[in-house]
Asker: 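Provided herewith is a single structure, encoded as structure tokens, for subsequent inquiry.
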Amino acid sequence: MLLKEYRICMPLTVDEYKIGQLYMISKHSHEQSDRGEGVEVVQNEPFEDPYHGNGQFTEKRVYLNRWIDPSFPRQSLSSPLLESKLPSWARAVVPKIFYVTEKAWNYYPYTITEYTCSFLPKFSIHIETKYEDNKGSNDSIFDNEAKDLEREVCFIDIACDEIPERYYKESEDPKHFKSEKTGRGQLREGWRDSHQPIMCSYKLVTVKFEVWGLQTRVEQFVHKVVRDILLIGHRQAFAWVDEWYDMTMDDVREYEKNMHEQTNIKVCNQHSSTVDDIESHAQTST
């Protein structure tokens with residue numbers, strides 16, 4: 001098990017980020033769901049927890065077959081878990097068709113997200129997220145959940161941290177982008193110390209891959225990919241701010257619903273005949 005805490009600051013308020021996050025996830029999933037690759041929304045409905053209260057439960061299938069099939073060109077990220085180019089050792093242990101199941105419980109400003117793999121029962125990712133209006137200065141935000149566990153704290157700077165070159169877009173670079181609606185943007189080195197408003201997404205990420213001989217490499221690899229995904233996704237959420245800034249929660253839920261329907265059509269048309277094969281492979285592997 002490898003545990004890390006990521007802190008990602010944004011030039012937004014926690015209330016603004018709630019809309020931006022939903023918009024970014026829906027738009028990104030739709031853009032990347034092409035030729036059978038991508039995200040199928042299985043369930044998305046209100047959920048009530050006796051402790052956390054009212055929230056939203058979402059279950060998704062993230063199909064990954066295209067990334068390990070050499071007949072398709074490599075493209076950008078469409079999964080919160082894996083890069084489009086798997087290392088050779090990873091390609092050696094995964095089948096050509098599989099999916100990751102994502103389950104998320106959103107009690108904003110607290111969320112829980114879990115990932116499991118269709119053919120690797122010993123693999124899982126668990127993410128707890130909390131959001132606060134500060135610059136990442138709360139060192140005890142997860143004390144109740146992980147006070148006895150050692151963890152590395154990793155700050156992610158959406159403006160100054162480098163992203164893989166193949167995912168770079170100048171229009172999504174906070175150093176160059178400036179919002180017409182908010183006037184925010186063109187962030188410079190040290191922006192977190194002086195920018196207002198500012199909020200932080202705190203993520204406690206636990207990766208488990210309990211397979212002898214591969215555990216350390218897989219867990220380190222997944223954390224590297226998680227970090228890249230968090231950096232890219234949060235850059236997009238800010239760079240798209242003028243698209244979602246005037247939306248209400250009802251507006252963004254309607255947008256989310258429409259994107260899910262369109263994305264499911266694109267993905268399910270390609271995978272309707274392969275899901276049985278995936279599940280059969282999973283049972284055999286188990």
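We use all heavy atoms of the structure for the numbers below, so side chains are in, but hydrogens, waters and symmetry mates are not. Small disclaimer: the values here were computed from a predicted structure and weren't measured.
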Asker: So does Asp173 pair up with Lys169, basic N to acidic O under 4.0 Å?
Answerer: no

Asker: Applying side-chain hydrogen bond (donor to acceptor under 3.5 Å, both in side chains) to Tyr108 and His52, what does each step give before you reach the verdict?
Answerer: CA-CA 9 Å; Tyr108 200 87; His52 298 293; over 6 Å; no

Asker: Please name all residues satisfying side-chain hydrogen bond (donor to acceptor under 3.5 Å, both in side chains) with Asp49, sequence neighbours left out, ordered by chain then number.
Answerer: none

Asker: Identify the two heavy atoms, one from Asn138 and one from Tyr202, that lie closest to each other, and give their separation to 0.1 Å.
Answerer: N-OH, 3.0 Å

Asker: Testing the basics here: between Trp191 and Ala159, what is the closest heavy-atom pair and its distance to 0.1 Å?
Answerer: NE1-CB, 3.7 Å

Asker: If Ile, Leu, Val, Met, Phe, Trp and Tyr residues are connected whenever their side-chain heavy atoms lie under 4.5 Å apart, and connections chain through other members, are Leu214 and Met1 in the same group?
Answerer: no

Asker: Might you point out which heavy atoms bring Leu230 and Ile156 nearest each other, and give the distance in Å?
Answerer: CB-CD1, 4.0 Å

Asker: Between Glu172 and Arg235 (salt bridge meaning N to carboxylate O under 4.0 Å), is one present in this structure?
Answerer: no

Asker: With salt bridge (Lys or Arg N to Asp or Glu O under 4.0 Å) as the test, would you mind laying out the steps for Lys103 and Glu114 before giving the verdict?
Answerer: CA-CA 5 Å; Lys103 294 183 178 180; Glu114 295 179 350; over 6 Å; no

Asker: Please check if any side-chain donor atom of Ser179 sits under 3.5 Å from a side-chain acceptor atom of Asp242, or the reverse.
Answerer: yes

Asker: Near Glu162 CD, under 6.0 Å, is it more than 12 heavy atoms from other residues, nucleotides or ligands?
Answerer: no

Asker: Quick test of your reading of the model: are Lys257 and Glu254 salt-bridged, counting only N-O distances below 4.0 Å?
Answerer: no

Asker: What residues form a side-chain hydrogen bond (donor to acceptor under 3.5 Å, both in side chains) with His260, not counting sequence neighbours?
Answerer: none

Asker: Look at Arg151 together with Glu5 and state whether they make a salt bridge at an N to O cut-off of under 4.0 Å.
Answerer: yes

Asker: Please tell me whether Lys203 and Thr129 have a donor and an acceptor in their side chains that are separated by less than 3.5 angstrom.
Answerer: yes

Asker: If only side-chain N and O atoms count, and only distance matters, is there a donor-acceptor pair under 3.5 Å linking Gln236 with His28?
Answerer: yes

Asker: Output yes when Glu16 and Arg184 qualify as a salt bridge under the 4.0 Å nitrogen-oxygen rule, no when they do not.
Answerer: yes

Asker: Surrounding NZ of Lys181 (heavy atoms of other residues, nucleotides or ligands, distance under 6.0 Å), is the total greater than 12?
Answerer: yes

Asker: Describe, in one word, how the ring planes of Tyr131 and Tyr17 are oriented to each other, choosing from parallel (under 30°), tilted (30 to 60°) and perpendicular (over 60°).
Answerer: tilted

Asker: Identify whether the distance between the nearest side-chain nitrogen and carboxylate oxygen of Glu243 and Lys27 falls below 4.0 Å.
Answerer: yes

Asker: Do other residues, nucleotides or ligands put more than 12 heavy atoms under 6.0 Å from the NZ atom of Lys208?
Answerer: no

Asker: Could you tell me whether Arg7 and Asp139 make a salt bridge, using a distance below 4.0 angstrom between a side-chain N and a carboxylate O?
Answerer: yes

Asker: Can you say whether the rings of Phe47 and Phe57 are parallel (under 30°), tilted (30 to 60°) or perpendicular (over 60°)?
Answerer: tilted

Asker: For the residue pair Asp250 and Tyr255, confirm or rule out a side-chain donor-acceptor distance under 3.5 Å.
Answerer: no

Asker: Going hydrophobic residue to hydrophobic residue with side-chain gaps under 4.5 angstrom, can you get from Tyr168 over to Met24?
Answerer: yes

